[in-house]
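This report concerns only the one structure given below.
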There are 2 protein chains.
Amino acid sequence: MFSPEKIEKMRRMGLKITPQRLAILEYLEGNLSHPTAEDIYRHVRKRFPSISFATVYNTLEALKEKGLVRELYIGGTKKRFDPNTQPHHHFFCLSCGNILDIREEIRIKIPQKLREKTIIKEISLLLVGICWNCLPKNLTKS
Amino acid sequence: MFSPEKIEKMRRMGLKITPQRLAILEYLEGNLSHPTAEDIYRHVRKRFPSISFATVYNTLEALKEKGLVRELYIGGTKKRFDPNTQPHHHFFCLSCGNILDIREEIRIKIPQKLREKTIIKEISLLLVGICWNCLPKNLTKS
DNA sequence: GTGTTTGCAAAGAATTTGCAACGAA
DNA sequence: TTCGTTGCAAATTCTTTGCAAACAC
């Protein structure tokens, strides 16, 4: 559930608060699974059977603009969204297909030279391989 | 043009060499633009007006399997391909929309702890912002 | 000759759009 | 009341598939 203060804050950001939007926000809140639009649709439809993909995409677009959600720069056929807008990195597991948050700190040293000649708005690091959940199930690291 | 040695090498990798494949390979060779399937299709169609998207996608898939091309882990609606399979990083410019190779070396320190519990097959770093070509055109870094 | 690849057209998957009815403020 | 949002269906965009004919080896 969202506190009235949180809702008021969103309103002040210029977001109209509809029940559908709240349901989407509540599904995203603390969600670590980097859901696709379809994941969100399927979940929210339980409570709002009439909700449409259009609304899901609209809402996600609105939330993105307000900086409440970010869209991941990850390949594949589906867009993925992350309610965690703090800088952090991701691990894409080739075995289970999940995208996981990396908790460990990873130092990325951007050369001063590159910093000077660009504006860097986002740093997106993706490690691809076999994740910590799947590796134990497989035989060996060999 | 591809040297007979190079072609022979590809054949030994198990790739059947067709004129269409050669044309795609020649377009990719040294290409720094990270083209989409459509970019490739449009270019190759000049020489092979009858080529189809199916062939382009087929070929890219075959080249990927052989490690001659890699598909980028970058969001957006289209797949993008890179003939440079050496480790390197990318810059996605919000102004011009291009994806550029970063020449500068960027040190990424993966904690030993993370290395130990995973298998990392690929490290994909994407910087998002205003690139070195566009920045001078805009007013200031402010 | 054998088995792959090509090219077409159609299917599929994901996202976006147009628009009338609805609802938040 | 006003203007943005919803939900439906249709449209778009990108990628994949099925299959007969063509081709590489």
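Residue numbers begin at 1 in each chain, while the letters A, B, ... track the order of the sequences. Given the structure is predicted, the values throughout are model-derived calculations rather than measurements.
Considering only the side chain of A:Ala54, D:dC8 comes nearest among C:dT6, D:dC8, C:dT15. For B:Tyr57, counting side-chain heavy atoms from C-beta on, the closest listed nucleotide (D:dT6, D:dC14, C:dT15) is D:dC14.
In this structure, CD of A:Glu61 is placed 7 Å from P of C:dT16, rounded to the nearest angstrom. Following rounding to the nearest Å, B:Asn58 (CG) and C:dG7 (C1') show an atom-to-atom distance of 10 Å. Rounded to a whole Å, the NZ atom of B:Lys78 is 15 Å from the P atom of D:dT16.
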Check against side-chain hydrogen bond (donor to acceptor under 3.5 Å, both in side chains), B:Thr36 and B:Asp39:
CA-CA 5 Å; B:Thr36 63; B:Asp39 294 333; 3.2 Å; yes

Pair A:Lys66-A:Glu61, salt bridge (charged side-chain N to carboxylate O under 4.0 Å, His left out): steps then yes or no
CA-CA 9 Å; A:Lys66 302 303 178 190; A:Glu61 200 52 43; over 6 Å; no

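For the contact set between residues 39-53 of chain B and DNA chain C, defined by any heavy atom under 4.0 Å, the members are B:Ser50, B:Ile51, B:Ser52. The stretch residues 7-28 of chain A comes close to DNA chain C through A:Arg11, A:Ile17, A:Pro19, each having a heavy atom under 4.0 Å from the strand.
Between A:Lys79 and the phosphate of C:dT16, there is a side-chain N or O to OP1/OP2 separation shorter than 4.0 Å.
A salt bridge does not link B:Arg80 with B:Glu38: every distance from a Lys NZ or Arg NE/NH1/NH2 to an Asp or Glu carboxylate oxygen is 4.0 Å or more. Contact check on A:Glu122 versus A:Arg70 returns a salt bridge, with a Lys/Arg side-chain nitrogen under 4.0 Å from an Asp/Glu carboxylate oxygen. Under the 4.0 Å criterion applied to side-chain N and carboxylate O atoms, A:Lys113 and A:Glu116 are not assigned as salt-bridge partners. The pair A:Lys109-B:Glu104 does not count as a salt bridge, with every side-chain nitrogen at least 4.0 angstrom from each carboxylate oxygen.
For the helix from C:dG1-D:dC25 to C:dA25-D:dT1, the angle separating the two terminal helix axes comes to 50°, with each axis derived from five pairs and the value rounded to 10°.
Among B:Thr18, B:Val69, B:Ile40, the single residue meeting the side chain to side chain contact (heavy atoms under 4.5 Å, CB included) criterion with B:Ile24 is B:Ile40. Residue B:Leu28 forms a side chain to side chain contact (heavy atoms under 4.5 Å, CB included) with just one option from B:Leu68, B:Leu60, B:Asp82, and that option is B:Leu60.
In the model, B:His34 has a side-chain atom that pairs as donor or acceptor with a side-chain atom of B:Asp101 under 3.5 Å.
Using a 30° and 60° split on the angle between ring planes, B:Trp132 and B:Phe91 fall in the perpendicular class, above 60°.
Heavy atoms of other residues, nucleotides or ligands lying less than 6.0 angstrom from CZ of A:Arg42 number 12 at most.
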